[in-house]
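When a ligand or atom number is given, it counts from 1 through the structure's own listing order. Remember, it's a predicted structure, so these values are computed and weren't measured experimentally.
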Amino acid sequence: MSTGKGNADCPAEAISGTSVDMGKCISCGYCAPAFLPDGNPKTSVVRSTERKFRRSFHIYLFDAGSCGSCNLEVKALENPYYDLSRLGISFCATPKHADAILVVGVLALGMREPLIKAIEALPSPRLVFAVGVCAISGGILGKSIKEVVEADVMIPGCPPNPFTILHALQRSREGRS
Ligand code: SF4
Ligand code: SF4
């Protein structure tokens with residue numbers, strides 16, 4: 001196990017000085033109470049501020065090599081508590097019909113080509129989301145999806161809270177950073 005900087009043994013090397021890189025933090029809690037992230041749901045980063053999606057917004061979930069938890073949190077958006085459809089956002093079964101692709105998991109070797117093909121199948125304009133630290137930074141074991149595509153939106157967490165995902169979806173479709 002590698003050692004992070006700062007006052008804690010961070011297995012993800014997420015601590016630098018007094019700050020925590022949320023794109024790497026796997027929420028293991030080893031650093032508590034010195035650095036423990038506060039669970040703030042407004043931690044996503046939206047790079048594209050162009051308002052491209054004024055009406056309905058269709059999303060496609062792509063698993064590049066996840067443990068399954070990020071998928072569960074994304075799919076939880078459909079349940080009555082989060083009720084994604086009230087915002088005009090819905091899942092679709094093919095990237096050909098999607099405005100955005102939500103990629104979860106590390107970039108597994110066998111998923112590189114399918115990910116490239118899925119992104120190419122999205123009509124333009126499109127958004128690419130990296131959901132969870134595995135997709136953003138590769139987590140502690142794998143490779144980031146950065147090897148294939150630069151994400152427009154990054155949603156930290158291991159796994160991210162559904163409210164964090166919802167907040168990022170709303171901001172990005174409205175072109176808010
Ligand atoms: S909670 Fe995050 S920052 Fe703290 S040790 Fe674990 S991975 Fe590192
Ligand atoms: S970020 Fe965490 S929850 Fe999501 S796929 Fe990776 S290990 Fe699983």
Considering only heavy atoms of Cys25, which atoms of ligand 1 have at least one such atom less than 4.0 Å away?
1 (S), 2 (Fe), 3 (S), 7 (S)
Hey, what do you get for CD1 (Ile145) to CD (Glu150), rounding to the nearest 0.5 Å?
9.0 Å
Any N, O or S atom of Cys28 closer than 2.8 Å to atom 6 (Fe) of ligand 1
yes
Which residue and heavy atom of the protein sit nearest atom 6 (Fe) of ligand 2, plus the separation:
Cys134 SG, 2.3 Å
Using a strict 4.0 Å cut-off to heavy atoms of Pro159, name the atoms of ligand 2 that fall inside it.
3 (S)
Does the Lys NZ or Arg CZ of Lys75 fall within the cation-pi geometry relative to Phe91 - under 6.0 Å from the ring centre and within 45° of the axis?
yes
Where is the nearest protein heavy atom to atom 2 (Fe) of ligand 2: which residue, which atom, and how far?
Cys158 SG, 2.3 Å
Taking only Lys NZ, Arg NE, NH1 and NH2, and the carboxylate oxygens of Asp or Glu, determine whether Glu147 and Arg112 approach each other closer than 4.0 Å.
yes
For ligand 1, which part of Val20 has a heavy atom less than 4.0 Å away: the side chain, the backbone, both, or neither?
side chain
Quick one: does Val104 get within less than 4.0 Å of ligand 2, heavy atoms only?
no
For atom 8 (Fe) of ligand 2, find the nearest protein heavy atom and state the residue, atom name and distance (0.1 Å precision).
Cys67 SG, 2.3 Å
Pair Asp21-Ser19, side-chain donor/acceptor within less than 3.5 Å:
no
For atom 3 (S) of ligand 2, tell me which residue out of Gly139, Ser69, Gly105 has the closest non-hydrogen atom.
Ser69
Going through the checks in order, is the side-chain contact (heavy atoms from CB on, under 4.5 Å) test met by Leu169 and Leu77?
CA-CA 11 Å; Leu169 283 170; Leu77 295 172; 4.0 Å; yes
Rounded distance (nearest 0.5 Å) linking atom CZ of Phe53 with atom CG of Asp99
5.0 Å
Which atoms of ligand 1 sit under 4.0 Å from any heavy atom of Ser27?
1 (S), 2 (Fe)
Are Val106 and Leu72 connected in the hydrophobic side-chain network, where two residues link if heavy atoms are under 4.5 Å apart?
no
Checking side-chain contact (heavy atoms from CB on, under 4.5 Å) for the pair Val20/Met22: CA distance, chi angles, key distance, verdict?
CA-CA 6 Å; Val20 175; Met22 292 306 293; 3.9 Å; yes
among protein heavy atoms, the one nearest atom 4 (Fe) of ligand 2 is Cys70 SG, 2.2 Å
Side chains of Cys70 and Pro160: closer than 4.5 Å at any heavy-atom pair?
yes
Could you tell me, atom by atom, which parts of ligand 2 come under 4.0 Å of a heavy atom of Ser66?
5 (S)
Considering only heavy atoms of Val133, which atoms of ligand 2 have at least one such atom less than 4.0 Å away?
1 (S)
Region of Ala32 engaging ligand 1 - heavy atom pairs below 4.0 Å
neither
